[in-house]
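Worksheet: one structure, shown below.
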Amino acid sequence: MNKTIIISNRLPLQVKLENDELTIKPSVGGLATGMRSVHTEGNGIWVGWSGVTEEELTPELSEKVQEAITREKCVSVPLNRQDVEDFYFGFSNKALWPLFHYFLEYAEFDKDQWESYKEVNQKFADVVIENIEDGDTVWVHDYQLLLLPKLIKDKKPNTSIGFFLHIPYPSYEIFRVFPWREELLHGMLGADLLGFHTYDYERHFLSSVKRLLKLEVNFNEISYHDRIVKVDSFPMGIDYQKFHNAALKHEQRSPNEKTEFHRRLEDHIESSPDAKIILSIDRLDYTKGIPNRIKAFEFFLDKYPQYREKVRLVMLAVPSRSNVDTYQKLKRETDELVGRINGKFATVSWTPIWYFYRSMPFGNLIDLYTSADVALITPLRDGMNLVAKEYIATRVNNDGVLILSEMAGASIEMSEAILINPTSYEEIADAIKKAIEMPLEEQKTRNHILQKRLARYSVEKWAEEFFKSLNATKTIKEAIVAKKLEKHLKDKIISEYHNADKKLLLLDYDGTLVGFKNNPQDASPDDLLITLLDNLNQNENTDIVIISGRDRETLSKWLGGNGYNLITDHGVWLKHAHKDWEPLERIKKDWMDKILPVLETFVDRTPGTFIEKKNYSLAWHYRKADPELAQRRTVELNTVLTHLISNNELSVLEGNKVVEIKSSNVNKGRAATRFLTDKNYDFIMAIGDDWTDEYMFEELPENAKTVKVGFKNTKAKYYLKDTSEVRTLLNQLVS
Ligand code: GDG
């Protein structure tokens with residue numbers, strides 16, 4: 001039976017070793033909860049680090065940990081102290097975390113830590129490979145494992161791999177700063193489906209892929225070697241029922257069932273019964289905007305002094321990564337700020353900020369959520385932010401106001417909250433005032449909408465949607481694989497070729513026989529290609545036709561003396577081997593004077609583009625331009641040309657990073673069929689990579705072997721991956 005393998009840096013277990021005592025509990029985080037049902041159903045396993053280093057584990061403890069882990073259907077990746085230091089605290093949290101959260105000033109790019117990051121990703125891959133079977137599905141999580149999808153795909157190409165990033169994906173302008181950026185992107189592209197919390201992260205990622213790897217992106221699909229990688233957004237939800245039910249139960253508790261913490265909380269509330277409670281909960285992390293929030297609260301108390309003694313900020317900061325410098329500094333800064341502000345405003349009966357620096361049990365978390373009139377969540381950057389969602393889920397009476405930073409992914413789905421810019425003290429202060437004064441009816445209306453959405457798009461639904469999408473990528477894969485020229489199909493074609501009497505090979509040039517060059521003039525044939533074509537040409541009863549959009553002069557110079565047939569200018573000119581050129585079409589060229597100045601204005605406004613003037617056509621090339629600008633200009637150019645070209649005399653072709661304008665009666669399909677009438681061929685094969693070759697695939701007889709280079713939409717019967725696969729096939733025909 002096929003299984004699902006979930007992989008995250010940490011296992012969904014809390015393994016703790018204190019004074020040689022081992023405690024193992026399931027962890028409570030959003031990811032662990034969300035994936036629990038996926039993990040427990042079927043025979044899935046979860047791969048990750050246990051939280052205890054190899055050095056800490058005596059053989060006896062190791063056995064106990066192993067037993068507990070296996071019982072929970074988990075498999076651990078052994079990490080030593082140095083790994084944790086360099087890979088986790090080092091590279092993941094000092095390079096990737098700050099960079100992806102736009103904190104460039106905190107990002108440290110250390111080569112040794114990068115090496116460790118690669119090694120640990122490999123350690124994860126080794127454990128996965130050991131446990132994987134054909135047909136299994138893999139779901140990799142988060143920024144610590146960005147290289148893992150490729151490491152798995154390289155070893156197990158038939159495995160379906162999903163990847164989800166829990167933190168923001170930054171804009172290209174930030175990502176391009178990363179020293180090993182291409183390697184990281186290739187690592188991620190090992191997946192079949194890449195998921196992000198929001199559409200913005202998705203489009204930033206696609207932009208990096210287009211600009212840095214120059215890959216072709218079609219809406220949300222990336223053509224990557226012989227695969228399509230799908231990219232989509234899946235906003236992560238919470239276990240809504242768990243939070244909602246806990247809050248309901250909490251309400252129904254008798255006084256003696258209350259926790260110690262809750263009684264203390266109530267004592268505080270009673271000491272100033274009119275005071276509203278404003279709650280903030282986060283890991284103590286610089287991305288969460290904690291100092292900003294405290295300063296904004298100070299600003300609020302200064303701007304609206306009537307609220308002194310009427311509000312209290314209850315702030316839970318959960319210790320996190322406390323051995324990283326920046327986090328220690330943040331802790332000091334937070335302590336000082338809380339001290340200063342409490343000193344500035346406190347009265348005998350009122351302390352404005354009630355600050356906890358610790359982690360709390362789930363029950364206390366619910367105590368906090370349910371006691372708070374307002375939740376103040378102001379991260380400077382946050383992938384999603386589950387606390388905002390949890391607060392709303394616990395509002396069983398529909399009251400309470402959420403103030404949320406627009407820099408949190410959650411803000412996109414939670415527009416009924418009061419959204420603020422976390423760097424504006426003014427906005428935050430005004431939002432606090434608005435929240436405190438908001439009529440109950442309005443609170444209820446807003447929360448009702450929010451709750452409905454959170455209940456529907458829960459974390460289970462999120463995981464379900466992701467898997468549905470990952471499964472759907474299998475269909476794309478199957479469609480491609482079906483048309484891929486696999487060995488048995490190749491063997492069949494080769495044998496048909498050898499058994500035929502009259503054979504014709506129609507070969508496009510650029511992108512088929514040679515790869516693309518930045519300057520089209522640099523694509524002259526190499527010696528290996530000439531030898532290959534010569535050998536083919538000497539095969540008995542084989543006619544080779546190089547059929548190209550290139551002009552007559554260029555192809556004459558490059559291939560004219562070699563005894564192949566040539567068709568140039570998309571089908572205007574034909575040269576039979578060892579004969580003179582003859583025109584296939586009578587062409588008018590007067591339109592060029594009208595179109596050329598228009599194209600020139602596009603060149604002026606689109607850096608990196610240029611015009612190629614051919615004898616019978618004009619081509620506007622944009623392969624060196626910004627891909628997104630070029631895409632916009634192409635649409636614009638098409639509109640302008642439609643207005644200029646009033647009859648059907650001209651046609652506009654969109655090739656591979658080129659727009660070409662030429663007479664309508666010229667195309668490779670017409671030219672190829674005219675060549676066919678010469679002899680009675682019983683074997684025809686046509687190979688081409690771009691849009692102009694589609695005419696040829698369409699016009700050729702049904703039994704022709706039509707082959708597209710690259711995985712794009714096509715009328716051809718088969719695909720080959722790239723020019724090197726084309727050359728391999730042609731070599732096989734020779735031998
Ligand atoms: C990353 C991304 C993204 C907090 N304190 C206690 C406690 N918590 C629980 C909350 C919540 C979770 O921790 C925190 O989740 P967040 O989403 O708010 O933030 P990150 O930890 O930074 O998570 C984030 C998330 O991944 C998921 O993709 O939303 O943007 O940064 O569930 O309830 N739980 C307990 N005691 C505490 O003291 N028991």
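Values below: all heavy atoms of this structure, side chains included; hydrogens, waters and symmetry mates excluded. Order of appearance sets the numbers: ligands from 1, and atoms from 1 within every ligand. Keep in mind that what you see is a predicted model, and the values were worked out from it rather than measured.
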> Cut-off 3.5 Å, side chains only: do Tyr88 and Gln144 have a donor facing an acceptor?
Replying inline: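 Their side chains do not contain a donor-acceptor pair, so the 3.5 Å distance test is not met.
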> Considering distance alone, does some N or O of Ile167 sit under 3.5 Å from an N or O of ligand 1?
Replying inline: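 The answer is no, given that Ile167 and ligand 1 share no N or O pair closer than 3.5 Å.
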> Is the closest N or O pair between His101 and ligand 1 shorter than 3.5 Å?
Replying inline: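 No, since none of the N or O atoms of His101 sits under 3.5 Å from an N or O of ligand 1.
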> Backbone, side chain, both or neither: what part of Asp382 comes under 4.0 angstrom of ligand 1, heavy atoms only?
Replying inline: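 Both parts.
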>> Taking 4.0 Å as the limit for heavy-atom contacts, which would you say applies to Leu316 with ligand 1: side chain only, backbone only, both, or neither?
In response: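 Near ligand 1, Leu316 shows its side chain, while the N, CA, C and O stay back.
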>> So, 4.0 Å and heavy atoms of Trp97: is ligand 1 close enough to count as a contact?
In response: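 Trp97: in contact with ligand 1 (<4.0 Å).
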>> Just to be sure I'm reading this right: ignoring hydrogens, which of Lys288, Met360, His166 gets closest to atom 20 (P) of ligand 1? Compare them by their nearest heavy atoms.
In response: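 Heavy atom nearest to atom 20 (P) of ligand 1 belongs to Lys288.
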>> If you take the nearest heavy atom of each of Leu386, Ile238, Val387, which one is closest to atom 25 (C) of ligand 1?
In response: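 Heavy atom nearest to atom 25 (C) of ligand 1 belongs to Leu386.
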>> Can you classify the ring geometry of Phe100 versus Phe175 as parallel (below 30°), tilted (30 to 60°) or perpendicular (above 60°)?
In response: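 Perpendicular, since the angle between the ring planes exceeds 60°.
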>> Which label fits His141 and Trp462: parallel for a plane angle under 30°, tilted from 30 to 60°, or perpendicular past 60°?
In response: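 If you compare the ring of His141 with that of Trp462, the planes turn out tilted.
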> Does the ring center of His204 lie less than 6.0 Å from the ring center of Phe196?
Replying inline: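 Between Phe196 and His204, which both carry aromatic rings, the centre distance is not below 6.0 Å.
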>> Once side-chain contact (heavy atoms from CB on, under 4.5 Å) is applied, do any residues pair with Thr259, and if so which ones, sequence neighbours excluded?
In response: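 Expected list: Arg253, Phe261, His262, Asn364, Asp367.
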